[in-house]
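Working notes for the structure below.
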Number of protein chains: 2
Amino acid sequence: MSLTLADAIERHILAQLAVAGEIALQRVELARQYGCAPSQINYVLATRFTPERGFLTESRRGGGGYIRVRRAAQPELGRIAAALRAQPDGIAQAPAHALIARCRDAGLLTGREAAMLQALTRREAIGLPLPARDVVRARCLVAALLALSDER
Amino acid sequence: MSLTLADAIERHILAQLAVAGEIALQRVELARQYGCAPSQINYVLATRFTPERGFLTESRRGGGGYIRVRRAAQPELGRIAAALRAQPDGIAQAPAHALIARCRDAGLLTGREAAMLQALTRREAIGLPLPARDVVRARCLVAALLALSDER
DNA sequence: TATAATAAGGTCAGGGAAAGTCAGAAACCT
DNA sequence: AGGTTTCTGACTTTCCCTGACCTTATTATA
């Protein structure tokens, strides 16, 4: 269980977010705490706190600069399915999995349901060449999410 | 009864699993212990710790990379998935839906899960011509059931 | 009021550290 | 001999992390 620096910083930020819902951090200061290059903070934000994963960040440079991080509002399943269906090129694996994870975190999907959907939207599961794969992935996902929005 | 290297590594991992239920190993490190090529670890995992045998593996590359191995919790679903995977022509819609219904009635799937799976294995959801459609349907179903065989 | 200095954060290429893949060699059976 | 299993090495892909350089905002100064 090797905890990388990026993992540690991610936890740090997540812990702060759990308390406050919206936080402002100072890049150099955080980098100093972890003894790393300031750009490492950008790396963590870029790979873990993306819009796809349900986070929004904004920042300001110059004197008194900051980076603000907050959770994005989550739309409901039906709207998600509709938005997905509007994509003519389908959806790639990474954004699809991020989308599923967000739905799970928002309580729209159970852990089992999310695991199932992520498994069957993997490249190897669909097993078609691009671009057909992304299209089929999107269609299956839409069908699944719509089925759930009827159920319950 | 010659004990191959692969057998030894298999026992090593099984012993660890017996203690912990879920383990994280480092490929290079394990290879070093056994004085073999790192890819030998992949061979062992690919031939002995397969989903059909009730194991799941996930990994991360790069700095701080790892391979995690755990036992699947619901071997029942795993066996069904293995049987399905053995069908070279895939599975048609009607038998697929019947299979899903049986799993639901047997308490292996919730109503929501079954509804999702039936929706996304419909012809229109997959949207491919035969015979590819039946093949993709089977692959997706296998992936989904295997994922569930792990989850709680 | 311009202008210079200072104090932030942003970007990107690239090196290093893992794990993955796959063809083919080697070993082991019938 | 033929087929199956084991094992390796070369190459690929992914992820982490840094350092050099760039852009923007504030503050001090002429």
Side-chain angles (χ1 to χ4, degrees), chain A residues 1-14 22-53 55-70 92-98 101 118 122-125 127 129-130 133, chain B residues 1-14 23-53 55-70:
Chain A
M1 184 181 75
S2 59
L3 207 30
T4 68
L5 180 54
D7 292 331
I9 297 175
E10 176 187 15
R11 291 190 186 187
H12 179 99
I13 297 177
L14 281 177
E22 165 165 342
I23 60 168
L25 50 90
Q26 219 119 25
R27 196 179 70 146
V28 261
E29 170 56 18
L30 192 51
R32 198 194 51 72
Q33 279 180 41
Y34 283 90
C36 65
S39 54
Q40 174 70 0
I41 308 301
N42 295 90
Y43 173 74
V44 173
L45 292 173
T47 55
R48 279 121 158 117
F49 294 87
T50 69
E52 286 195 338
R53 296 195 182 193
F55 296 96
L56 289 183
T57 68
E58 52 187 319
S59 64
R60 238 178 83 182
R61 313 188 187 193
Y66 58 83
I67 302 177
R68 209 177 310 162
V69 187
R70 59 195 160 107
Q93 173 172 312
H97 284 194
Q118 289 192 335
R122 288 180 62 229
R123 295 179 249 292
E124 298 82 1
L130 287 173
R133 190 167 67 218
Chain B
M1 163 66 193
S2 61
L3 198 49
T4 69
L5 178 54
D7 292 331
I9 298 175
E10 176 186 14
R11 292 189 183 188
H12 179 99
I13 297 177
L14 282 176
I23 60 166
L25 52 91
Q26 217 119 18
R27 196 180 69 147
V28 263
E29 169 57 17
L30 192 51
R32 198 193 52 72
Q33 281 179 40
Y34 283 90
C36 64
S39 53
Q40 174 70 1
I41 308 300
N42 294 91
Y43 174 73
V44 173
L45 292 174
T47 56
R48 279 124 160 114
F49 294 86
T50 68
E52 291 94 334
R53 297 197 184 188
F55 295 96
L56 287 186
T57 70
E58 53 186 319
S59 65
R60 216 167 86 183
R61 311 189 188 193
Y66 58 80
I67 302 177
R68 210 177 312 163
V69 187
R70 35 185 181 154

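The structure presented is a predicted model; accordingly, all values stated were derived computationally and were not measured. Naming convention: chains lettered A, B, ... in sequence-line order (proteins, then strands); numbering from 1 in each chain.
Residue contacts for B:G65: at a heavy-atom cut-off of 4.0 Å it reaches the sugar-phosphate backbone alone, with no base atom in range. Residue A:L5 is classed as a sugar-phosphate contact, given heavy-atom separations below 4.0 Å to backbone atoms only.
Under 4.0 angstrom from either OP1 or OP2 of D:dC17 there lies no side-chain N or O belonging to A:Y43. When the side-chain nitrogen and oxygen atoms of A:R48 are compared with OP1 and OP2 of D:dC16, one or more of them lie within a distance under 4.0 Å. Side-chain nitrogen and oxygen atoms of B:R60 include at least one within less than 4.0 Å of the OP1 or OP2 phosphate oxygen of D:dC16.
Taking the side chain of A:A37 as heavy atoms from C-beta on, and the options D:dT18, C:dG9, D:dT14, the nearest nucleotide is D:dT18. Among C:dA19, C:dA8, D:dT8, the nucleotide with an atom closest to any side-chain atom of A:V28 is C:dA8. If you check C:dA19, D:dC7, C:dG10 against the side chain of B:Q26, the one that comes closest is C:dA19. Among D:dC17, D:dT18, C:dT11, the nucleotide with an atom closest to any side-chain atom of A:A6 is D:dC17.
B:L3 places its CG atom 12 Å from the P atom of C:dC29, with the value rounded to the nearest Å. Atom OH in B:Y34 sits about 18 Å away from atom C1' in D:dT8, given to the nearest Å. Atom CD1 in B:I41 sits roughly 15 Å away from atom P in C:dA18 (whole-Å rounding). Protein atom CD of A:E29 is 14 Å distant from nucleotide atom C1' of C:dA7, rounded to whole Å. Rounded to a whole Å, the OH atom of B:Y66 is 11 Å from the C1' atom of D:dC15. For B:R68 and C:dA18, the CZ to P distance is 17 Å, given to the nearest whole Å. The CD-P distance, from B:E58 to D:dC15, rounds to 13 Å in whole Å. Atom-to-atom, CZ of B:R32 to P of D:dC7 comes out at 19 Å; the value is rounded to the nearest Å.
For A:E52 and A:T50, the side-chain atoms include no donor-acceptor pair closer than 3.5 Å. A side-chain donor-acceptor contact under 3.5 Å links A:D7 and A:T4.
When side chains are defined from C-beta on, A:I23 does not count as touching A:Y66, because their heavy atoms never get closer than 4.5 Å. In this structure the side chain of B:R11 reaches within 4.5 angstrom of the side chain of B:L3, judged on heavy atoms. Taking 4.5 Å as the limit, some side-chain heavy atom of A:L14 sits within range of a side-chain heavy atom of A:F55.
Comparing A:R61 and A:G35 against DNA chain D, the residue whose closest nucleotide sits nearer the 5' end is A:G35. Mapping B:N42 and A:I67 onto DNA chain C via the closest heavy atom, the residue that lands nearer the 5' end is A:I67. Nearest-nucleotide assignment on DNA chain D puts the 5′-proximal partner with A:T4, out of A:G63 and A:T4.
Panel note: side chain A:Q118, backbone A:H97; a donor-acceptor pair is recorded below 3.5 Å.
Judged by distance alone with a 3.5 Å cut-off, a donor-acceptor contact links the side chain of B:S39 to the base of D:dG9.
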